[in-house]
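Below, chain A is the first sequence line, B the second, and so on; all start at residue 1.
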Amino acid sequence: MILFKMIGRLQTQTPSSDTIAPMPELPEVETIANRLRDGRPPEPSLLGKTIARAEVYWPKTAAEPPAPAFRQRIAGQRVTAIGRRAKFILLTLSEDTLVVHLRMSGDIHLAKDPQPFGRFNRLALWFTDGWQMAFEDARKFGRMWLLADPQTLLGGLGPEPLEASLTPAKFHARLTTRRRALKPLLLDQAFLAGVGNIYADEALHLARLHPLTPSDSLTPAQAADLLKAIRAVLRAGIKRNGASIDWVYRGGGYQHEFRVYQRTGEPCPACGTPIIRTTVGQRGTHYCPRCQPAP
DNA sequence: CACGAGACCTGTTCGC
DNA sequence: TGCGAACAGGTCTCGT
């Protein structure tokens, strides 16, 4: 069914520009940033390229400065570094930093000019060598910022979960100085940067903790286990180039390793009990009622 | 400070 | 077959 639709589209549109983007959490954003930095044949690395011009098709996508200034200011700048912080992609330019957040449905595609625009193209950059970068985003939640100092935007973020400087002891201290349910706390980017709905559910299951467990009730050992679980699922996600879900395909394969996410009713990989789906903090939440007993 | 509801958006899938 | 409801990777703001 999906195949027929895709083939139908392929006849009228470019294959790379008509997919709706899937889920961007830390591993997916990391995968995309790495791709832009290192290249993925036939796509080149963006490092060293100079931006000739920008076009904004959905004005809100250019969050700051407003679209006209955004276009004017970005022209002529050269890409000198590419990285990631939390769920943001950072392109360091000669004068400013281009900060990209994919939100729910954003994705980045590269193409060599001339190329027809994808259906969901919201903002495009043209480089002087003819390559173009399209920001495609069906739901229009994604945003780009062109900032002299990215810290104004990133300053409030919590620690990177994969950085060694976040020790189990520090993590335990962060957890216990708050009094919140674990799941919404893990999704709070000021508490911990980069974890989203999928990896939160996966990590909580791996750590055998119920999503509603009060954060200040964890022992140091439980906190250490949770940090270990978060790191394990994020690393596994990165190793698989992120996850692709539903009818969308972007190249990641971590969805094949989901323990609980979107596995409602299926057996828990640890004990066989059917996975339950509930709502916590207005987000779909999946867990095993036996491995993760209610607090 | 913690938390829920509503916004922002569009597309697919589900249930009747 | 059709049609409205439910649901989706994220985050922001407002009211309690």
Rounded to the nearest angstrom, tell me the gap between atom [atom1] in [X] and atom [atom2] in [N].
| X | N | atom1 | atom2 | answer |
| --- | --- | --- | --- | --- |
| A:Arg143 | C:dT13 | CZ | P | 12 Å |
| A:Phe135 | B:dC9 | CZ | P | 13 Å |
| A:Asn197 | C:dT11 | CG | C1' | 13 Å |
| A:Arg283 | B:dA5 | CZ | C1' | 14 Å |
| A:Tyr57 | B:dT10 | OH | P | 18 Å |
| A:Leu192 | C:dT11 | CG | P | 12 Å |
| A:Met104 | C:dG10 | CE | C1' | 6 Å |
| A:Leu102 | C:dG10 | CG | P | 11 Å |

Are [X] and [N] close enough that a side-chain N or O sits under 4.0 Å from OP1 or OP2?
| X | N | value |
| --- | --- | --- |
| A:Arg119 | B:dG11 | yes |
| A:Gln189 | C:dT11 | yes |
| A:Lys140 | B:dC8 | no |
| A:Arg178 | B:dA2 | yes |
| A:His101 | C:dT11 | yes |

Gap between atom NZ of A:Lys228 and atom CZ of A:Phe171 - 0.5 Å precision: 14.0 Å
Base of B:dC8 and ring of A:Phe141 stacked, centres under 5.5 Å, planes under 30°: yes
Taking all non-hydrogen atoms of both residues, which atom of [X] and which atom of [Y] are closest, and how far apart?
| X | Y | value |
| --- | --- | --- |
| A:Val260 | A:Cys288 | CG1-N, 4.5 Å |
| A:Leu175 | A:Ala223 | CD1-CB, 3.7 Å |
| A:Arg179 | A:Asp216 | NH1-OD2, 2.8 Å |
| A:Leu185 | A:Phe191 | O-CD2, 3.4 Å |

5' priority, DNA chain B, between A:Pro184 and A:Lys60 [closest heavy atom]: A:Pro184
Pair assignment for B:dC8, Watson-Crick or G-U wobble, requiring both distances under 3.5 Å: C:dG10
Backbone of A:His286 reached by a side-chain donor or acceptor of A:Asp201 within 3.5 Å: yes
Touch class at under 4.0 angstrom, heavy-atom based, for A:Tyr254 against every strand present: nothing
Sugar-phosphate, base or nothing in reach of A:Arg277, heavy atoms under 4.0 Å: sugar-phosphate
Separation of the C1' atoms in B:dC8 and C:dA8, to the nearest angstrom: 14 Å
Closest to side chain of A:Phe120, choosing from C:dA8, B:dG4, B:dG11: B:dG11
Proximity to the side chain of A:Arg139 - top-ranked nucleotide from B:dG11, C:dA8, C:dT11: C:dA8
